[in-house]
Each structure stands twice: as C-alpha cells, then as structure tokens.
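Report on the following structure.
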Amino acid sequence: MKTDDLVNLLASGAGPVKRHAVTRRYTVAIGVGAAAAILLMLGLLGVRNDLVDAIRLPMFWVKLAYAAGLAAASLLAVLRLSRPGARLDGLPALLAAPVLGMWALAAIVLADAEPTQRLGLLLGSTSVSCPFLIAMLSVPMFVAALWAMQGLGPTRPRLAGTAAGLLSGSIGALVYCLHCPEMEAPFIGSWYLLGMLIPAATGALLGSRLLRW
Amino acid sequence: MNAIEERLRALLIRGLDGEAAAYRVFLMELSAHLRAFFRKRLASLPDDVEDLVQETLLAIHNQRRTYDVDLPLTAWVHAIARYKLVNLLRRRARRELLSDPLDDERDFLSSTDSEAAEARRDLGRLLDRLPDRQRLPIVHTKLEGLTVTETAQLTGMSESAVKVGVHRGLKALAALIRNES
C-alpha cells in the first residue's frame, strides 16, 4: 500500500472526534477504581469503629488531605503523560509538597516527644500491614489507570507507568484512611508513603511493557 | 515555520471536528514532514523510512484524540514521530546509527520530502489478516467509500459494530506492525 493510499484510507469517513477524550477516560477509570477500592475496604477491612469521633480530630483531615493532595498531583501528571509531547513543568514539585509537608509535621512531632516514645510514634501498631493493605486497595485503580493510559498515547512509558501507579496508590491510601486507626504524622509520612510507592514502582516496571502503542 | 504550524494545526482541528477533506490534507502534508524527518535520521536504514512514515501516520490517526487543541501541534507530532523512531531503532537494536540528536522539535516542520519511496511492508496484506468484523468495516467504509449505514446493511453488522470495527481494526493494524518487525 502506498502512503497516499494510506492517507486516503485514514481520512475517508473519519468522523468527528469527541473532545476531552483523555479526561473522560480517567473519569471512568477513577470512578471504577475508587468504587472497587471502597468495596474491598468495606468487605475485607471494615471502617474504623471510632470513625465518628475521629472525624472531629484535625489529624484525620490532615491525613486525608495528604492522600488527596498526592492523588490530585499524580492525576495531573497522569493526564499530562497520557498525551504525546506534554510537559510536566512544575508537577514534580507539586507531588513532593504533600510529602514534605507531612515530613515537616513528623519532625515537629518527633522533636516534641520524649525520646523513649519516638519509636512508637513511627511504628504505630499497624506498620507491618499498612503498606501492603494500601497496595492491595490500589490494585483495582492500578488496573483501571493502565487501561485508560493504554488507549491514549504515553510516549514516556516508564514515567507514565510510575505516575499511574502513584495515582492508584494515593487513591488506595485515601480509602485506607477510613479504616486505619493511626493518627501520627511520623507513621503517615513513612508507612503510607511506602504503601503508595509499591504500586508506583510496579508501574515503573510494567510501564514500558504494557504501555506500547 | 510558525505559518506551517498554524496551517497544519488549523487543518487538524477541522479534521477533528469531522471535516474529512481537511484531515486528508493534514495527513498528506504531514507525511512529507515525517518523511524528511525520518530520512535525515535513518541515513543508514533508508529502506525503513517509508514504512516508518506509514506506521507513524497510523499512530497519529489512532491517537488523534490525545491532541490538546490548546497546545502547539509541533510538540505533539514530534513526540509521536520520535517515539516511533526510537521504537524502530530499538527493534533494529542499532541505536548507535543515530547520528543526529532527536530532541530538536523546533526544526521539525522546517523540512519536507514529498518523494515517497516504495514501502517494504504492505499494509494491504496486513489488513487481510484482520478478523472480518474489523476488516470488512475498514474495507467498505474506508477503501470503497460506503457509508456506515450501507456497510451495516451489507455485512449484517449493527452500525455501532461497524464504527467499533474500524476503530479497533486500525489499532490492531498498528499492533500487527509492531509485532511483525
């Protein structure tokens, strides 16, 4: 087939393209991924039984804002990286901001605490399971995000896979906040982050293999 | 060069709105730019140039909804062309052949080459390998110029199945190209 014939083939009958295709695809993916994570959390873990009291504490909202901030920043990165040639600009800084904020808070908490209590603040009582449960809750969103990305045009597949993984990790963490009883910044700054980094690293590894087009 | 960017961008936007004629001109003019871009960078693989032009055109078509109309066209097209070029070189495992840097999107539209060489890979033959539910919609609507409704009547498929068949068929064609070379 000659190139001119190919051009004719592609152009003939090519109807209008729906605008905002990228945003719509991720709206669907996040809807499905977040709903599935909530169902998983309700079915396997359950909501923390003191949730009614917890929502009166500022730290509960700080924790939510931390996960939501990371989710928003990684969503912006995912949207950019799904389009060929789009630039990240200041997004790495935006991604770092919630983490650095939580670390600053953790430093203050640790500095104020008695030396003997510091390890307890860092480890809490669920540090062994926390990262894995967050990673588990992120699985549906991970699949949905990669599905959405596959149909678009990521030209930097490893970076795109990392961003998709971070998005699913932070949505998993956001949902996990409703179950998790931990309220100390040193804990959240480390184990939550580790939990979110598991899908991010998985995305980096799988990105160049799965995101080919 | 800004004039070319503006012209091609306007053509693509009209194409995205459903104006097939403008879209055809866009693809036609773009293929000359792609050819010049690839020929300069594949000096030692001249036989691959036309195949890569076709593969890239197909990718641009399949991915056309990822173009953000508020952003420059050059960056988008250059990123796709560069992605396809790097993939080809990786497949050939001869990245050392690359003498020119690839990160030069600014001069992307500055050269054209309208002398198409013969493609080595026959897309028509690859098209024949697609399943009927994808091949027939493409052949009828895109090669024979039938409407979606006519194709639906002729094949007994529903109209939405015809549209989906075209869309998935062109994606499957891109996957066949990727896997065969």
Side-chain angles (χ1 to χ4, degrees), chain A residues 1-29 75-89 91 145 147-161 163-164 207-213, chain B residues 15-21 23-28 30-31 35 50 53-54 57-69 71-72 74-80 82-83 87 105 116 118-119 121-127 138 141-143 145-148 163 166 170-171 174-175 178:
Chain A
M1 187 181 284
K2 290 187 185 304
T3 301
D4 287 2
D5 299 332
L6 175 67
V7 166
N8 285 329
L9 181 151
L10 295 177
S12 71
V17 170
K18 283 182 198 148
R19 289 282 162 89
H20 312 297
V22 176
T23 337
R24 269 188 297 117
R25 217 171 155 82
Y26 282 108
T27 311
V28 173
L75 175 61
L76 288 177
V78 159
L79 290 172
R80 296 278 183 96
L81 289 165
S82 298
R83 296 175 189 277
R87 290 171 201 285
L88 283 180
D89 297 324
L91 281 179
W147 162 81
M149 207 170 242
Q150 240 170 2
L152 300 166
T155 48
R156 293 150 88 185
R158 186 163 304 148
L159 204 54
S208 42
R209 197 161 310 167
L210 293 181
L211 298 172
R212 298 170 64 217
W213 51 278
Chain B
L16 292 177
D17 287 337
E19 235 183 277
Y23 188 53
R24 176 178 291 113
V25 176
F26 165 76
L27 289 175
M28 208 63 101
L30 187 66
S31 62
R35 192 172 294 117
E50 206 57 29
V53 170
Q54 296 191 353
L57 284 174
L58 185 59
I60 282 173
H61 176 78
N62 283 339
Q63 257 63 43
R64 65 194 188 283
R65 59 186 181 163
T66 65
Y67 176 59
D68 182 341
V69 294
L71 294 176
T74 310
W76 182 74
V77 172
H78 176 265
I80 296 177
R82 183 182 188 279
Y83 176 73
N87 276 2
E105 69 174 52
E118 204 58 44
R121 177 202 308 118
D122 188 358
L123 284 183
R125 200 162 295 164
L126 282 183
L127 196 58
I138 293 177
T141 64
K142 289 188 160 283
L143 292 176
L146 299 186
T147 65
V148 171
K163 287 184 197 162
V166 171
L170 291 177
K171 292 225 157 175
R178 243 186 352 253

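Note that the structure is predicted; figures quoted are calculated from it, not measured. Naming convention: chains lettered A, B, ... in sequence-line order (proteins, then strands); numbering from 1 in each chain.
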>> Looking at chain A, which one of B/D68, B/V53, B/V77 has the largest number of heavy-atom pairs inside 4.5 Å, strictly under?
In response: B/D68
> When heavy-atom pairs shorter than 4.5 Å are enumerated against chain A, which of B/K171, B/R125, B/H61 gives the highest number?
Replying inline: B/H61
>> I'd like to know if the side chain of B/Q63 reaches the main chain of A/L152, judged simply by a donor and an acceptor atom lying under 3.5 Å from each other, with no hydrogens or angles considered.
In response: yes
When the side chains of residues 13-22 of chain A are checked against the rest of the protein, which donor-acceptor pairs come out under 3.5 Å, sequence neighbours left out?
from	atom 1	to	atom 2	distance (Å)
A/R19	NH2	B/D17	OD1	3.0

> Do A/V7 and B/F26 come close enough that some side-chain heavy atom pair is under 4.5 Å?
Replying inline: no
>> For a quick test of reading the model, state the closest non-hydrogen atom pair linking A/A11 to B/Y23 and the distance between them.
In response: CA-CD2, 3.8 Å
>> A side-chain contact here means heavy atoms from C-beta on lying under 4.5 Å apart; do A/D4 and B/M28 qualify?
In response: yes
> How about B/R35 and A/T3: do any of their side-chain heavy atoms sit closer than 4.5 Å?
Replying inline: yes
> Hey, does A/W213 have a side-chain heavy atom less than 4.5 Å from the side chain of B/R178?
Replying inline: yes
> About how many Å separate CG of B/L126 and CE of A/M1, when rounded to the nearest 0.5 Å?
Replying inline: 9.5 Å
>> To the nearest 0.5 Å, what is the distance between OG1 on B/T66 and CZ on A/R25?
In response: 11.5 Å
>> Less than 4.5 Å to any heavy atom of chain B: does that hold for the side chain of A/L9, its backbone, both, or neither?
In response: both
> Is atom CZ of A/R87 surrounded by more than 12 heavy atoms (other residues, nucleotides or ligands) closer than 6.0 Å?
Replying inline: no
>> Counting heavy-atom pairs closer than 4.5 Å to chain A, which one of B/L123, B/L58, B/I138, B/V69 comes out on top?
In response: B/L123
>> So, using side chain to side chain donor-acceptor pair (under 3.5 Å) as the criterion, who are the partners of A/T155 when residues are at least two apart?
In response: none
> With only heavy atoms counted, which part of B/T141 is less than 4.5 Å from chain A, the side chain, the backbone, both or neither?
Replying inline: backbone
> A/A86, A/G85, A/P84: which one forms the most heavy-atom pairs within less than 4.5 Å of chain B?
Replying inline: A/P84
>> With heavy-atom distances below 4.5 Å as the criterion, would you say the side chains of A/R83 and B/R65 are in contact?
In response: no
> With a 4.5 angstrom heavy-atom cut-off, which part of B/A119 approaches chain A: side chain, backbone, both or neither?
Replying inline: side chain
>> Nearest 0.5 angstrom please: A/D5 CG to B/K142 NZ, how far?
In response: 13.5 Å
> Using non-hydrogen atoms only, which part of A/N8 is less than 4.5 Å away from chain B: side chain, backbone, both, or neither?
Replying inline: both
